[in-house]
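Here the structure comes first, spelled out in structure tokens, and everything after it is commentary.
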Amino acid sequence: MLPSPETAEVIRRELLDWYRKNRRDLPWRKNKDPYRIWLSEIMLQQTRVDTVIPYYERFMEQFPTLEDLANATDDQVVKAWEGLGYYSRARNLHSAVKEVVANYGGRVPSEPETIAKLKGIGPYTKGAILSIAYDKKVPAVDGNVMRVFSRLFAITDDIAKQSTRKKMERIAEALIPDSAPGDFNQALMELGALICTPGSPQCLFCPVQSVCHAYREGLEHELPRKKKQKPPEPVDVIFAWLICAGRVLVEKRPETGLLAGMWGLPTFEQVPGETLEQTMENFCDKKGVPASNYQVKGRLEHIFSHRHWKVVMIQAEVSEPDFPLPENWEWVKKEDLRLRAFPNVYRKALKQLI
DNA sequence: AACGCGTGGCC
DNA sequence: TGGCCAAGCGT
């Protein structure tokens, strides 16, 4: 059910007016450089504004232009992303930026069909870049917008479903103005971030309260509806701290799956029914590591989106450092560990071990 | 279509 | 304190 033309006009006017008075002064709002907008949208995927800001500032300092990023190495880009999470975003962005330089003369495509082909740019990011940087009338429906629409129009569909986002995009198309599509899209998101928040929406300060179906019915706390996600599955994991003469063995993780392609300590699952020392010793034997003096150095827990690692860190001394290294393993001097990009779970471990 | 993919902040 | 999230995308 689409909003009436009268309702649509009220929403456009009130939202744009409210946004122009209340918009936050964020680093990516300094100008409309498509590269700056693009980077911000990728970093902001599933990530809070306050978390992103320092990463964004540092990243822009290190890679001020699209060409600078295209000319960087993968290691540099991932290092700049270290700690931000969802690391495939960095790899996809880097790959896409290189493609823009190679195939589009270094200009971010302004056509929906073209930009949508780039890695890491889905329906939301496409709409955000095109509307904010190029003033195109394309919807940008993210979690904020879905929450706002759910409440404004009392939509009870599960916002975790793909079909719901398409429904919301149809509504957005009916609302988005010719004059300032980028401001309007950002106004919707800003309203979701500042007023129409998940927990306790500030309906008394809402510029579109008068046309909000949920507010009228007292349903703002019941909406949006969203399927609960399963709790992370616990896994017992061992980190091997394999040392020799001031050096440590590190492992590059597989190119797919959790922390894909990231550096870490050699990591393996605890085998049920075995002691820690048995599993550790079997692991070292299997890898051909001549290790001795096994010793538990500490424990930590780390919760990912769907895994809960219960980690035991076990140290062993490598007696013969010139043994043939397993694939994707390297020796690193302890003081050089900081030069490499480790995801946070390993940084937490290293903090305890060093 | 449903699931895998990080992290930190919030109450 | 731990469950719930926060400007999604790829498969």
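Lettering follows sequence order; numbering is per chain, from 1.
Within the nucleic acid shown, A:Gly199 has no heavy atom closer than 4.0 Å to any nucleic acid atom. Looking at heavy-atom distances under 4.0 Å, A:Arg253 makes no contact with the nucleic acid at all. Counting any heavy atom pair closer than 4.0 Å across all strands shown, A:Pro231 reaches no nucleic acid atom. A:Trp309 comes within 4.0 angstrom of nothing in the nucleic acid, heavy atoms only. Backbone-only contact: A:Ile121 has heavy atoms under 4.0 Å from sugar-phosphate atoms and none from a base. Within 4.0 Å (heavy atoms only), A:Val145 reaches no atom of the nucleic acid at all. Among the heavy atoms of the strands, none lies under 4.0 Å from A:Gly192.
Of the listed nucleotides (B:dC5, C:dC5, C:dC9), C:dC9 has the atom at the smallest distance from the side chain of A:Tyr124. When each of C:dC5, C:dG8, B:dG6 is scored by its nearest atom to the side-chain atoms of A:Tyr87, the top-ranked nucleotide is B:dG6. Of the candidates B:dT7, C:dA6, B:dC3, C:dA6 carries the atom nearest the A:Arg147 side chain, counting heavy atoms from C-beta on. Set against B:dT7, C:dG8, B:dC3, the side chain of A:Pro343 has B:dT7 as its closest nucleotide. For A:Tyr86, counting side-chain heavy atoms from C-beta on, the closest listed nucleotide (C:dC5, B:dC5, C:dC9) is B:dC5. Checking C:dC5, C:dA6, C:dG8 against the side-chain heavy atoms of A:Pro198 singles out C:dA6 as nearest.
Under 3.5 Å, the side chain of A:Ser88 and the base of C:dG10 form no donor-acceptor pair of N or O atoms.
Rounded to whole angstrom, the span from the CZ atom of A:Arg307 across to the P atom of B:dC5 amounts to 7 Å. Rounded to whole Å, the distance from OH on A:Tyr346 to C1' on B:dG6 is 13 Å. Between the CG atom of A:Asn92 and the C1' atom of B:dC5 there is a distance of 11 Å, given to the nearest Å. Atoms NZ (A:Lys228) and C1' (C:dG2) sit 14 Å apart, rounded to a whole Å. When rounded to the nearest whole Å, the span between NZ of A:Lys126 and C1' of C:dG8 equals 14 Å. Across the protein-nucleic acid pair, A:His308 atom NE2 and B:dG4 atom P stand 17 Å apart, rounded to whole Å. Atom CD1 in A:Ile42 sits about 9 Å away from atom C1' in C:dC9, given to the nearest Å. Protein atom CD of A:Glu82 is 13 Å distant from nucleotide atom C1' of B:dT7, rounded to whole Å.
Ionic pairing of A:Glu335 and A:Arg247 is not present here: no N-O contact between side-chain nitrogen and carboxylate oxygen is shorter than 4.0 angstrom. A salt bridge is defined here as a Lys NZ or Arg NE, NH1 or NH2 lying under 4.0 Å from an Asp or Glu carboxylate O, and A:Arg23 with A:Glu190 fails to meet this definition.
Checking A:Gly85 against A:Ser163, the closest nucleotide of DNA chain B that is more toward the 5' end is the one next to A:Ser163. Mapping A:Lys166 and A:Gln46 onto DNA chain B by nearest heavy atom places A:Lys166 closer to the 5' end of the strand. Mapping A:Lys119 and A:Leu26 onto DNA chain C by nearest heavy atom places A:Leu26 at the nucleotide closer to the 5' end.
Here A:His306 does not reach the OP1 or OP2 of B:dG4: none of its side-chain N or O atoms lies under 4.0 Å away. Taking only side-chain nitrogens and oxygens, A:His302 never comes nearer than 4.0 Å to OP1 or OP2 of B:dG6. Within the 4.0 Å cut-off from OP1 or OP2 of B:dT7, not a single side-chain nitrogen or oxygen of A:Ser305 is found. Close to C:dC4, at under 4.0 Å from its OP1 or OP2, lies no side-chain N or O of A:Lys227. For the OP1/OP2 pair of B:dA1 and a distance below 4.0 Å, the side-chain nitrogens and oxygens of A:Gln162 include no atom meeting the criterion.
Comparing B:dC5 with C:dA6, their P atoms sit 22 Å apart, to the nearest whole Å. Distance check on atom P: C:dT11 versus B:dG6 gives 14 Å, rounded to whole Å.
Within the cation-pi definition used here (under 6.0 Å to the ring centroid, within 45° of the axis), A:Arg340 does not qualify as a partner of A:Phe342.
The aromatic ring centres of A:Tyr55 and A:Phe59 sit 6.0 Å or more apart.
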A:Tyr294 vs A:Gln315, test: side-chain contact (heavy atoms from CB on, under 4.5 Å). Steps then yes/no.
CA-CA 6 Å; A:Tyr294 299 107; A:Gln315 170 182 298; over 6 Å; no
For salt bridge (Lys or Arg N to Asp or Glu O under 4.0 Å), just list the numbers for A:Asp25 and A:Lys30, CA-CA rounded to whole Å, side-chain angles, deciding distance to a tenth of an Å, and then say yes or no.
CA-CA 8 Å; A:Asp25 187 15; A:Lys30 285 194 339 196; over 6 Å; no
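Expressed to the nearest 0.5 Å, how far CD of A:Glu269 lies from OG1 of A:Thr267 amounts to 10.5 Å.
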